[in-house]
Amino acid sequence: AGFYGYEDYRTRKTYEDMAAIKESAQNTPYFEAEKEPEAPTINYTNQEKDVPEVLEEYKKLYNSNKKLIGWLKIDDTNIDYPVMQTNNNEYYLNHLFDGTINSSGSVFMDSGNSAAFIDSATYLYGHHSKGGGMFATLSDYLDPAYYEAHPQFLLMTPFADYQVDVFAGMATVVEDE
């Protein structure tokens with residue numbers, strides 16, 4: 001139990017630190033920044049024609065890890081996490097944003113989806129943590145009162161922020177091999 005408690009603490013601390021970086025970038029006027037960050041590189045499919053300019057508040061995080069493609073937040077819940085993407089659906093099952101190996105992993109987009117969120121369906125994955133972190137609170141949507149209180153979530157991308165209506169969800173059971 002001690003190992004998992006430490007893993008949960010380390011995971012929470014990492015994501016709290018990242019949220020602070022994101023928030024400080026949003027509250028720092030451009031002219032007060034130490035130096036202009038480099039333009040981040042985003043992974044695109046051949047479907048995107050014009051790549052919009054990256055919003056200022058994301059440049060510092062993107063320069064820390066170019067696999068960051070967005071941020072997911074549900075008000076009044078613990079869900080306030082970066083969304084990652086890589087060329088496989090294995091890496092972020094047990095790695096944090098900074099590459100640290102951690103059983104909590106990260107929220108990540110399916111490797112087959114477009115990083116520009118232009119697909120007809122976009123799949124985001126995350127663990128249901130025993131300690132209540134990551135996507136554990138999503139099971140609260142089984143209660144209609146919870147849904148009434150949280151009918152939307154915020155998806156922030158490097159280009160725009162989206163208010164997303166919750167209309168369906170699916171839970172799966174993972175069995176050990």
Side-chain angles (χ1 to χ4, degrees), residues 1-30 32-45 51-117 122-138 153-162 164 174:
F3 173 76
Y4 290 110
Y6 176 70
E7 285 276 293
D8 285 345
Y9 165 77
R10 191 169 64 168
T11 302
R12 269 193 317 277
K13 179 76 172 119
T14 298
Y15 289 126
E16 286 171 1
D17 291 349
M18 288 181 57
I21 290 170
K22 180 175 70 70
E23 291 301 317
S24 69
Q26 289 175 342
N27 296 325
T28 302
Y30 182 72
E32 287 185 20
E34 294 176 16
K35 66 177 189 174
E36 184 175 346
E38 298 173 26
T41 303
I42 309 291
N43 300 321
Y44 293 101
T45 66
V51 178
E53 180 147 346
V54 173
L55 297 173
E56 199 62 41
E57 62 263 30
Y58 291 97
K59 288 183 180 179
K60 187 172 184 178
L61 285 173
Y62 278 104
N63 286 328
S64 297
N65 185 337
K66 306 270 195 269
K67 295 184 182 348
L68 176 72
I69 58 165
W71 199 281
L72 181 67
K73 180 171 179 45
I74 301 178
D75 287 336
D76 304 318
T77 74
N78 68 308
I79 297 176
D80 188 9
Y81 296 112
V83 179
M84 312 301 293
Q85 186 184 39
T86 189
N87 61 0
N88 67 64
N89 289 337
E90 302 290 323
Y91 183 80
Y92 283 108
L93 285 172
N94 61 3
H95 286 82
L96 300 180
F97 168 87
D98 63 2
T100 303
I101 294 175
N102 186 297
S103 62
S104 295
S106 296
V107 174
F108 63 96
M109 178 191 284
D110 191 276
S111 62
N113 282 129
S114 165
F117 293 90
T122 298
Y123 299 96
L124 300 180
Y125 304 106
H127 290 294
H128 182 285
S129 173
K130 291 178 185 175
M134 296 303 285
F135 280 174
T137 56
L138 290 180
F153 63 85
L154 183 62
L155 176 64
M156 298 163 275
T157 74
F159 318 112
D161 295 346
Y162 301 96
V164 180
V174 177

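The chain is numbered in sequence order, starting from 1. Just so you know, these numbers come straight off a predicted model, no measurement behind them. Worth knowing before you read on, the calculation uses all heavy atoms, side chains too, and leaves out hydrogens, waters and symmetry mates.
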Please report the C-alpha distance between Gln85 and Lys67 in whole Å, then the side-chain angles of each, then the deciding distance to 0.1 Å, and finally whether the side chain to side chain contact (heavy atoms under 4.5 Å, CB included) criterion is met.
-> CA-CA 5 Å; Gln85 186 184 39; Lys67 295 184 182 348; 5.8 Å; no
Ser106 (side chain) donor-acceptor with His95 (main chain) under 3.5 angstrom | yes
Between Tyr81 and the options Ile74, Leu124, Val107, the side chain to side chain contact (heavy atoms under 4.5 Å, CB included) test singles out Val107
Does any donor atom in the side chain of Tyr123 or Asn113 lie under 3.5 Å from an acceptor atom in the other side chain?
-> no
Looking at side-chain heavy atoms only, is the closest gap between Leu155 and Asp161 below 4.5 Å?
-> no
Less than 4.5 Å apart, any side-chain heavy atom of Tyr125 and any of Asp110?
-> yes
Given Asn87 and Ser111, is the side chain to side chain donor-acceptor pair (under 3.5 Å) satisfied, shown in steps?
-> CA-CA 5 Å; Asn87 61 0; Ser111 62; over 6 Å; no
Ile69 side chain near Phe108 side chain, heavy-atom distance below 4.5 Å | no
Interatomic spacing from CE in Met109 to OG1 in Thr122 - rounded to 0.5 Å | 5.0 Å
For residues Asp80 and Trp71, is any side-chain donor paired with an opposing acceptor at under 3.5 Å?
-> yes
Nearest 0.5 Å, what's the CE-CG distance between Met84 and Leu96?
-> 9.5 Å
Do Leu68 and Pro82 come close enough that some side-chain heavy atom pair is under 4.5 Å?
-> yes
Sorted by chain and residue number, the ring-ring contact (aromatic ring centres under 6.0 Å, His included) partners of His127 (sequence neighbours excluded) come out as none
Sequence neighbours excluded, which residues qualify as side-chain contact (heavy atoms from CB on, under 4.5 Å) partners of Asn94?
-> none
Give a yes-or-no answer on whether the side chains of Thr100 and Asp98 include a donor-acceptor pair shorter than 3.5 Å.
-> yes
Are any non-hydrogen side-chain atoms of Phe153 and Leu72 less than 4.5 angstrom apart?
-> yes
